[in-house]
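Excluded from the calculations below are hydrogen atoms, water molecules and symmetry mates; all remaining heavy atoms, backbone and side chain alike, are included. These numbers were taken from a predicted model, which means no experiment stands behind them.
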Amino acid sequence: MNLDIDILINKYGQDLDVLDQIQDVFDNLDQVKQEEMLNGITYLILQSKPIYEDVEVAINSSGLKPSLTPCILLKKGVLNANLQKIIKLPKREYNSVLKLFLNLFKIAYKRRFDIEKNKNDKWWYSDLSDESNINKIRKTNR
């Protein structure tokens, strides 16, 4: 993933209204790039340290049916190997996977955000509603 996508996803974690932008970016990628993006989101999920209890909340907040394959697989645990199995589902599942992963990320991210916000060494916990912060992030991380 590139920095702009990272910023969008972290904005989503801060409840900023960017879901349509994330979906547009995702929809305009080829299958290989979509898989790369899902892998990047997996990294962000794991970095945010989700707990098992986040799974049900993520499924409910995603609006997906709990009987969908990505949801069933996620209920088996939030381990990297399990997330990789979800990414390897057929392309027709990718939009569901994206929604599920974004919701799981947001839940875990919010918990970490409360602890880590405004730490200078972690730009992803700065106030991303402030465009000057985003400009600083782009200048120092390109």
| request: Walk me through it: do Met1 and Glu36 pass the test side chain to side chain contact (heavy atoms under 4.5 Å, CB included)? | output: CA-CA 7 Å; Met1 280 192 323; Glu36 287 175 12; over 6 Å; no
| Are any side-chain N or O atoms of Gln14 and backbone N or O atoms of Ser126, one a donor and one an acceptor, separated by less than 3.5 Å? |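 Pair found, side chain donor or acceptor close to backbone of Ser126.
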Which heavy atom of [X] sits nearest a heavy atom of [Y], and at what distance?
X      : Y     : answer
Ser96  : Leu68 : OG-CD1, 4.0 Å
Leu128 : Ile7  : CD1-O, 4.0 Å
Ile86  : Pro70 : CD1-O, 3.8 Å
Ile22  : Leu8  : CD1-O, 3.7 Å
Asn28  : Asp24 : ND2-O, 2.8 Å
Ile45  : Pro50 : O-CD, 2.9 Å

| said: Assess, by modelled atom type and distance only, whether the side chains of Gln34 and Asp27 contain a donor and an acceptor separated by less than 3.5 Å. | reply: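 Note: Gln34 and Asp27 side chains miss the donor-acceptor criterion.
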| task | Could you tell me whether the side chains of Ser61 and Asn103 share a donor-acceptor contact shorter than 3.5 Å? | result |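 Yes, Asn103 and Ser61 have a side-chain donor paired with an acceptor closer than 3.5 Å.
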| message | What's the separation between atom CG in Leu38 and atom OH in Tyr94, rounded to the nearest 0.5 Å? | response |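 Leu38 CG to Tyr94 OH: 6.5 Å, rounded to 0.5 Å.
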| Point-to-point distance, once rounded to the nearest 0.5 Å, from NZ of Lys110 to OG of Ser48 |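 Reported value, rounded in 0.5 Å steps: 12.5 Å.
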| message | Determine whether Asp130 and Asp127 satisfy the following criterion, side chain to side chain contact (heavy atoms under 4.5 Å, CB included), listing intermediate values before the conclusion. | response | CA-CA 6 Å; Asp130 183 342; Asp127 179 4; 4.1 Å; yes
| task | Decide if atom NZ of Lys65 counts as having more than 12 heavy atoms of other residues, nucleotides or ligands within a radius under 6.0 Å. | result |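 12 or below, so no.
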| query | Should we say atom NZ of Lys33 is surrounded by more than 12 heavy atoms from elsewhere, each under 6.0 Å from it? | reply |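 Not more than 12 within 6.0 Å, no.
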| Can the ring centres of Tyr109 and Tyr12 be said to be less than 6.0 Å apart? |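 Tyr109 vs Tyr12: aromatic centres not under 6.0 Å.
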| Does a side-chain heavy-atom distance below 4.5 Å link Phe105 with Ile9? |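 Yes, side chains in contact.
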| task | Side-chain contact test, heavy atoms from C-beta onward, threshold under 4.5 Å: evaluate it for Trp123 versus Leu3 and give yes or no. | result |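 Contact flag for Trp123/Leu3 side chains = yes.
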| said: Taking Glu35 first and then Lys88, would you say they form a salt bridge - that is, a charged N and a carboxylate O separated by under 4.0 Å? | reply: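 Lys88 and Glu35: salt-bridged.
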| query | Would Leu79 and Leu46 satisfy side chain to side chain contact (heavy atoms under 4.5 Å, CB included), going step by step from the backbone distance to the final call? | reply | CA-CA 8 Å; Leu79 302 170; Leu46 295 172; over 6 Å; no
| From CA spacing to verdict: salt bridge (Lys or Arg N to Asp or Glu O under 4.0 Å), Asp17, Lys11 | CA-CA 8 Å; Asp17 190 22; Lys11 279 181 153 185; over 6 Å; no
